[in-house]
Each structure stands twice: as C-alpha cells, then as structure tokens.
2 protein chains.
Amino acid sequence: MTIYDIAKKCDVSIATVSRVLNGSDKVSAKTKEKILAVMKEQNYQPNPFARGLGLNSMKMIGVLCEDVSDSFYAKAISLIESHLRKLDWNVILSCTGREHEPKAKYLQFLIEKHVDAIITIGTPFNQAKDITYLKCVANKNPIIMVNSYIKHDNIYSVICNEEAGIEDIVGKLAAKGCQSILYLYDSLTYSGKQKLAGYKKGLVKYNLDANPLLQNKINRSLDDVEKIVKTLIDEEIYFDAIITSEDLLAVGAQRAVRQMERHMPIVGCNNSILSQCATPMLTSLDNQLGTLCKEAVNLLTKLMNNEEVPSKIIFPAKLIQKESFVYL
Amino acid sequence: MTIYDIAKKCDVSIATVSRVLNGSDKVSAKTKEKILAVMKEQNYQPNPFARGLGLNSMKMIGVLCEDVSDSFYAKAISLIESHLRKLDWNVILSCTGREHEPKAKYLQFLIEKHVDAIITIGTPFNQAKDITYLKCVANKNPIIMVNSYIKHDNIYSVICNEEAGIEDIVGKLAAKGCQSILYLYDSLTYSGKQKLAGYKKGLVKYNLDANPLLQNKINRSLDDVEKIVKTLIDEEIYFDAIITSEDLLAVGAQRAVRQMERHMPIVGCNNSILSQCATPMLTSLDNQLGTLCKEAVNLLTKLMNNEEVPSKIIFPAKLIQKESFVYL
DNA sequence: GTGAAAGCGCTAACAA
DNA sequence: TTGTTAGCGCTTTCAC
C-alpha cells in the first residue's frame, strides 16, 4: 500500500495525497475527506524511510546515557520517553557503559541514524576527545543535556542546583550540632563536581571540620561503601554525619554505621526508590528529575519550532527529609 | 556528501561505491582501498533513510515494556541494548505505562517506524484486543518475548521457569517447618501467573495451609504492602513466612514484620538491587534476566539469518539466599 | 485546488 | 570487475 495506490483509488494525483498526509491547507475539504477515508479503509501507513528521505527526518530523538539500569537514568529515560511519545517523537537509545574508554562512538551511532536531536542524561562524556566530538556534533544537531553542562553553541542544559542543595544540607547538619561531616562520592560528573563543591563551600561557610580524610571517592558498590565506613570508624576518624553523592552509597553507609552501633544523620542524593527501601528510610536530596526532563522536552519542542531558548536552565534541589535525618 | 560525490572523486560509478559500502567481494582490492580512503577522508556517512528505502531496514529493533523506570525492565533494556549495539542494531523504545487502557498503539508506533523486529519485556499486553493486534503484527514482524508467552507463529519466547522456582521455595520453607506461607503479588502478568501457580502447587505438594486469606493481590507500593501485612497480623491471620512476587513488596513486607516485632523468612523475586538495600538483605528468586536477554538477542540474530529457532526457550530460576532466609 | 515531474541517496538487476 | 539504470515511496516545485 503506497501513496500511488491511495491516489489511484481516489482518482487524484500522489501530490494531493501527499498534501493531506502533510496537513496542507491547499486541498479542498471534499478531496481531503475522501482521501482520509480511503487511507483509513486501506489502513495505509506512509513509508517512514521514504518520508525520511524527503523530509530528512524520521522524528527520532537520540537519548544517551551511561547506563539505563541505573535507577536515576532509568527514571529520566522513562520520563523523557513518555513526554516525547505524546509529541509523536521516538526515542532511540544509546548507552555508553561506565568503562573508562572513548565514548564518542555512542554519539556517532545516533548521528548515523540521522536523529533530529540528542538528549544526554548525566555526564556520559568526560574525556577531552569525546567532548570535542560532542561540540562538533552540536554544530549540526541540537544537544540538550539533562544535569550536565558544556558551554557551546547549540548545546543546551537543564540542570539542578545541587551545589546549593548540598551546601544547604551541610548548614542544616551544622545547625543540628554536627561538626565533622563525612562525604562519600563515586564520580566526578558535572553533578558530582557540583555536589562536592557544595560540600566544601558548606564546610567553609559553617566553619566545620575540614579533615581531608572525610572526603572519600569510592566505587558505587554497597560492599565498598560499607567497608570504608567501617574502616574509618575502626581507625577512629571522627565524624558525626554522612552525606553521599548517591542513595546507594547512603544505603551502605547507613548499614555500616548501624552495624557499628552508631547513630548519626545520613543523607543521600537522587531521592530514589533505594532511599525508601533502606531502614530507616534515607533522607535524600531530590534533584527534581521530573522537572528537568519535562523542561528538556519542552526546550526541544521550542528548538524544533525555531523559537529562542535559553542555553541554561537551573532548578533548585529539594531536600526530602525522611527517617535518617533525625538520629544524632 | 553523497555516494555520487564519492564516486566522482574516485572515478568510479556509484554502483562500485555502493558495493564497497555493502561489503561486496566483487570489487578489486585496489578500487576498494581507494574508495575507502576517500570515504574516510571526506568523512562520508551513507544516508540511513535512503538506505532504509532500498533495503527496507534501518537496523532498528523496537523494544517494548511497561515502564523503563522499573528496575527489572531497566536492567533488561540495558542488557538488550548493549548486546544489540555490539551487533550494530539500534534500539527504539516504547513504553506503555501501567494504566489499564488499550496498548496496541505502543506497538503501532514501532511498526510505523518499520523496525526489523520487536522485543517485549514482561507482559505489556494483557487485554484481548491488544493480544489480537500483537498476533496480527507477528505475521509481518518477528516478535521475541522476554519472560512472557503467547502461542503464535513468529512469536518467540525466552522465559524463566519461575513456577518451579516458587514451588521449590515453598518446599524449602516447608522443610524449615513453615506451615502458613503468605503470598503477596501485584499483577497477573505471564510471570505473575507462573509464580502464583508455583505457590499453589507448592501448597498442595507440601500439604501446607491453604487459607485463601494468605494470597493477596496488592498494589506495587511500599505503603500498601506494609499496611496489608500489619493488618493481617493485627487480625491474627497466622503466617510464618512470606513470599512476594516482587522485591519491592518483600522490602515493605519485611519492614512491617519487623515493626510488629516478628521474625520469619521472607523471599522476594527478581533479585534486584532493592533486595540488597533492605536490612536484612532479602533472599530473592533470580529469574536469570541476563541469560534471558542474551538468549533473546541470540535468537533474534538467528531469525535474521533465517536459521531455525525454537519458539520457546526455558531457563531455570535460581534462589539467591541472603539474610532474610535464616530467620524463623 | 490539482497534477506532472524532478528529485532525495541509495540498492540491485542487468549489461558489458 | 565495473557501469548503467530502474526503482524504493515520498516531498515539493512549478505549471495549469
């Protein structure tokens, strides 16, 4: 079933059929109606490749992240996909994995498919070469980064002010009387850097213990985080509160602390389901992923309509206090 | 930069260029080399739409599930994407959501894009109309179901024998002396039905308490599961072990049980990260998702090569015993 | 408001 | 081994 068949059945030219297909107003109501009826009757579906050839678009958006199986990215993709779907856009997925290797190729895969735009979640690109390639891609395709930022033409960012969020938490903990806050993080993505910066700023601002042993970069693993917390306690490094860059780390930290029969406020980040599965439930900094993703799609829509859009949109983070904040 | 430009620069015809593009062996080494060199120099990339038009394929696989933000589906998509990526296939995503409404349209979206095949994860389609449409689609496009089963030509299933897995757990609990096992589940997907059947079979086989009040269908929500468990205890419905169809439910169940100061073995399903985040860590039935996804892609590859493949592949489930199994 | 026809960039059958 | 050419199914310009 092609446009020719429809045209023949309607006694019109393919041009006219094409016009109704593309919603042109230069078709008489009667003709349009007839054509639509036949299309429906024949269950006609335009060939997307042929359409793509002509329009140079198949209405596909490339979505790129490190790892969909991470609950944070998964949530983001879920939100983005559902928003895009409503607007008749399709999502084509590309995951780089967490290995430290060149990742430009994952962008390349999307470019090869001629996606209309690219949305990145988090910071899939960290190496200089990859970032150079990303900028190069941006010259042709709009790129929207959710929770990451690179200054360049045609790259747009929707981010959460996690720096201020963490700094604020430090302040709240200081107000509770905490002096030595342990900070555990697993990576220095854009978001990771913000949070670390917020922690450091907070230490200065509230005049807290700046012992460098209280800042630890570790693997994102329950075992590893439990081990380090226990070691620190064994070695009598004093701390009276914990902030982690990720809920999973907070889960492990809390478990270790309780096994060592200690009590202290513990705060994670992302406000994920993991924070609810821990006992007691973990207080967590919500980076407003829902808002970010919605705005990312919104921004994309505007870009496609050639409207002016800001290159950076920042939302505040929000502390979700749960059980793990009351212990001291 | 098109195939014509490359041809001109190489002083050959577009046919020859096309041949090297498609790895034909009917090109002299010298010509091939020259063409490849120019392609690289010009950074030529074939237009995927034009290619799609000719080959009727853009090497895209539609992946369909209810909800990527669910950790089980997220993991599956992650695995499938990475396997397909290695084979140069792209994933285009379609999520139906969990609302009870017609879902055929989400399949339709993929069909409209002329994907080469469809992989479903879990049971996105449950209503008769949707299943009819799915079967209809199968007449044109191969469909591979991960952890679901529909008998029909061109629909292939890769599943885990969760029925036997659950039945086995019931046996293990009986051996521990449990008499009344509470079973909590949230949905009757294919997998959900298998597990429930396994539970029931187990009750019969091991001659356990068949009180229907011990089988509860509930929402997938921590709050709801906690509520029901507490209510049952309050109402003095006796049970001395819990099995849930999902780790999340087990997390909530365990929390409720402990809050009521009871101890009993608790077992979840999916062996997800959630089971590790709970304290104590939850024993869980692993449905071998990694194996299923790998086999699904493997099967797909064979289908694309017109090799014979079985319509149903079954792997055994595996009980991962963690802390929550030792209490009694 | 409608039609004829020229692309879009590629594949593949057929010729040479 | 290579080239010529006719599609693939659609969009769009230009006439009418």
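So you know, we letter chains A, B, ... as the sequences are listed, proteins then strands, and number each from 1. Any value given below was found using the heavy atoms of this structure, including those in side chains, with hydrogens, waters and symmetry copies removed.
- Between atom CG of residue A:N126 and atom CG of residue A:L188 there is a gap of 8.0 Å, rounded to the nearest 0.5 Å.
- Atom OG1 of B:T16 and atom CZ of B:R19 lie 5.0 Å apart (nearest 0.5 Å).
- A:N56 places its CG atom 14 Å from the C1' atom of C:dG7, with the value rounded to the nearest Å.
- Side-chain N/O atoms of A:T16 include none lying less than 4.0 angstrom from OP1 or OP2 on C:dT2.
- Partners of A:H114 according to the ring-ring contact (aromatic ring centres under 6.0 Å, His included) rule, which considers only residues two or more places apart in sequence or in another chain, are B:F49.
- By the side chain to side chain donor-acceptor pair (under 3.5 Å) test, B:Y190 is found to be paired with no residue, residues two or more places apart in sequence or in another chain being considered.
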Please produce a list of atom pairs where a protein N or O lies less than 3.5 Å from an N or O of nucleotides 9-13 of chain C.
unit_1 : atom_1 : unit_2 : atom_2 : d
C:dC10 : OP1    : B:Y44  : OH     : 2.3
C:dC10 : OP1    : B:N47  : N      : 3.1
C:dC10 : OP2    : B:I3   : N      : 2.3
C:dC10 : N4     : B:Y4   : OH     : 3.1
C:dT11 : OP1    : B:N22  : OD1    : 3.2
C:dT11 : OP1    : B:N22  : ND2    : 2.9
C:dT11 : OP1    : B:R51  : NE     : 2.8
C:dT11 : OP1    : B:R51  : NH2    : 3.3
C:dT11 : OP2    : B:S18  : OG     : 2.5
C:dT11 : OP2    : B:N22  : ND2    : 3.3

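- Environment of NZ in B:K294: sparse, with no more than 12 heavy atoms of neighbouring residues, nucleotides or ligands closer than 6.0 Å.
- Each end of the helix from C:dG1-D:dC16 to C:dA16-D:dT1 yields a helix axis from five base pairs, and these two axes differ in direction by 30° (to the nearest 10 degrees).
- Counted within 6.0 Å of CG on A:N139, heavy atoms from surrounding residues, nucleotides or ligands total more than 12; the atom is thus considered enclosed.
- Once you apply a 4.0 Å limit to the heavy atoms of chain B, the touched nucleotides of DNA chain D run 5' to 3' over D:dT1 to D:dG9.
- Each salt bridge (Lys or Arg N to Asp or Glu O under 4.0 Å) pair with one or both residues in residues 62-83 of chain A, not counting sequence neighbours, appears once here: A:E66-A:R98, A:E66-A:K103, A:D67-A:R98, A:D70-A:R98, A:D70-A:R220, A:E81-A:R85.
- The shortest distance between side-chain heavy atoms of A:C160 and A:L292 falls below 4.5 Å.
- Rounded to the nearest 0.5 Å, atoms CG (A:D5) and CD (A:Q42) are 8.0 Å apart.
- For the atom pair B:N147 CG and B:F72 CZ, the distance stands at 5.0 Å (nearest 0.5 Å).
- Within 4.0 Å (heavy atoms only), B:D5 reaches no atom of the nucleic acid at all.
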